[in-house]
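Structure record follows, encoded as structure tokens.
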Amino acid sequence: MVYITRIEHFNAAHKLFNPAWSREKNEEVFGKCANENWHGHNFELHVTIKGTPDPQTGFVYDVKKLSLIIKEFVIDKIDHKNLNEDVDFMKGKMCTIENIVMGIWRQLVPNLPEGIVLHSLKLYETPKIYVTYFGE
Amino acid sequence: MNRVAVFRKEHFNAAHKLFNPEWDLEKNFKVFGKCSNPNFHGHNYEVIVKVTGIPDPETGFVMDLKILSDLIEEKILNRFDHKNLNEDCVEFKALNPSAENICIVIYNLLRPEIAADLDLQVRLYETERNFVEYPA
């Protein structure tokens with residue numbers, strides 16, 4: 001079994017804000033991440049698929065094709081966007097990287113070719129903060 | 001003489017858009033592309049402040065980097081971190097927050113606070129691949 005990872009980037013605005021709470025409670029829980037006018041990040045997404053290399057190509061899967069799939073079903077929806085306002089799969093959800101990574105997983109899995117297994121996603125919000133999701 | 005450059009690196013996360021209010025949406029999109037998203041996008045900005053001078057014979061410092069760090073936090077990070085540059089920052093009320101303009105603003109905020117006999121230069125990374133310096 002070989003694991004191959006493609007890294008993509010997107011730059012986006014977001015805020016951590018629960019509309020059911022007062023502004024004070026949001027600030028208490030989320031601090032400056034609750035700024036109502038948003039803030040932003042250069043996000044980095046690691047997409048890892050797994051499989052056995054094809055004997056003819058040596059590929060688990062052509063990562064150029066994987067990049068195009070990630071671009072069409074994920075990056076084009078979120079790059080240079082406002083994650084709270086512009087992204088259909090984040091509507092009604094808190095815009096934490098925990099929820100973003102699960103949303104990205106659900107975007108990718110139905111659009112991967114048959115036989116290609118998504119192993120994990122890793123999403124960096126900053127160089128010091130990232131989440132990992134295995135689809136559980 | 002022994003002129004030495006000292007550097008301090010700091011980060012801030014902010015939302016922005018590139019948008020000229022005198023143009024219509026189409027012209028803004030034509031010039032700025034997806035950076036003109038009216039709902040903003042964002043970046044993890046990295047600021048590198050360079051101070052050049054002759055080390056003080058008593059301290060061995062060109063400038064105490066703890067003092068420089070506190071200065072950057074007070075004058076820059078507290079203004080811009082987790083903010084919307086277009087909406088929250090008076091410096092960009094009538095100035096497009098391109099990396100170029102942000103860098104010039106940062107320089108102008110720091111220059112009066114640093115001894116006149118020390119040279120100052122600011123480098124600002126908007127992404128890993130796009131960065132600006134002022135003065136050039």
Side-chain angles (χ1 to χ4, degrees), chain A residues 7-17 19 23 26-46 71-72 74-91 93-97 100 122-131, chain B residues 9-19 25 28-48 72-74 76-93 96-99 101-102 123-132:
Chain A
I7 300 174
E8 302 285 352
H9 299 91
F10 60 97
N11 308 321
H14 80 150
K15 66 183 174 186
L16 303 186
F17 197 90
R23 183 185 293 181
N26 273 294
E27 280 178 8
E28 191 187 321
V29 174
F30 298 121
K32 51 190 181 179
C33 297
N35 176 17
E36 289 184 277
N37 285 334
W38 302 282
H39 60 283
H41 300 284
N42 300 328
F43 291 89
E44 185 172 283
L45 176 68
H46 296 219
K71 185 173 185 309
E72 181 181 350
V74 179
I75 304 301
D76 285 352
K77 284 176 179 275
I78 57 182
D79 184 40
H80 279 74
K81 295 283 168 45
N82 182 317
L83 300 179
N84 299 75
E85 299 285 307
D86 295 331
V87 180
D88 52 7
F89 64 81
M90 293 305 298
K91 284 272 186 255
K93 295 189 169 63
M94 288 298 296
C95 223
T96 58
I97 48 172
I100 297 167
K122 184 185 282 190
L123 179 65
Y124 285 83
E125 185 175 69
T126 74
K128 291 185 182 176
I129 301 172
Y130 69 91
V131 289
Chain B
K9 188 190 290 187
E10 299 285 354
H11 302 90
F12 62 94
N13 307 321
H16 82 150
K17 65 181 176 186
L18 301 185
F19 200 86
L25 275 175
N28 271 292
F29 186 74
K30 189 173 163 191
V31 173
F32 297 123
K34 50 191 182 179
C35 297
S36 64
N37 176 18
N39 285 335
F40 312 99
H41 61 283
H43 299 284
N44 300 328
Y45 290 90
E46 184 172 281
V47 185
I48 301 177
I72 297 168
E73 184 176 358
E74 181 195 341
I76 309 303
L77 306 188
N78 288 349
R79 271 186 170 81
F80 300 145
D81 186 40
H82 279 74
K83 295 284 167 50
N84 181 318
L85 300 181
N86 302 72
E87 298 288 307
D88 295 331
C89 303
V90 61
E91 294 82 5
F92 301 107
K93 278 288 176 246
N96 202 19
S98 61
N101 283 338
I102 299 168
R123 177 181 280 201
L124 178 73
Y125 284 83
E126 185 172 80
T127 70
E128 278 184 1
R129 292 185 186 168
N130 292 341
F131 58 97
V132 295

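Lettering follows sequence order; numbering is per chain, from 1.
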Exercise. For each of B:H16, B:H82, B:E128, tally heavy-atom pairs with chain A at distances under 4.5 Å, and name the one with the top tally.
Key: B:H82

Self-check item: Option in B:F80, B:F12, B:F40, B:Y45 with maximal non-hydrogen atom pairs under 4.5 Å from chain A
Solution: B:F40

Exercise. Might you confirm whether atom CZ of A:F30 has over 12 heavy atoms from other residues, nucleotides or ligands at distances under 6.0 Å?
Key: yes

Quiz item: Considering residues, nucleotides and ligands other than A:Y130, do more than 12 of their heavy atoms fall under 6.0 Å from its OH?
Solution: no

Self-check item: Flag for B:N44-A:H41: side-chain donor and acceptor within less than 3.5 Å
Solution: yes

Exercise. Give the intermediate values and the outcome of ring pair (Phe, Tyr, Trp, His ring centres under 6.0 Å) for residues A:Y124 and A:H46.
Key: CA-CA 8 Å; A:Y124 285 83; A:H46 296 219; 5.3 Å; yes

Quiz item: Between the main-chain N or O of B:K34 and the side-chain N or O of A:H80, is there a donor-acceptor pair closer than 3.5 Å?
Solution: no

Practice problem: Using ring-ring contact (aromatic ring centres under 6.0 Å, His included) as the criterion, list what pairs up with A:F17, not counting sequence neighbours. | Solution: none

Practice problem: Using a heavy-atom cutoff of under 4.5 Å, enumerate the residues of residues 84-93 of chain B that contact chain A, numbered in order, or state 'none'. | Solution: B:N84, B:E87, B:D88

Quiz item: Which region of A:E36, side chain (C-beta onward) or backbone (N, CA, C, O), has a non-hydrogen atom less than 4.5 Å from a non-hydrogen atom of chain B, or is it both or neither?
Solution: neither

Quiz item: Can you tell me how far the CZ atom of B:F131 sits from the CD atom of B:E46, to the nearest 0.5 Å?
Solution: 10.5 Å

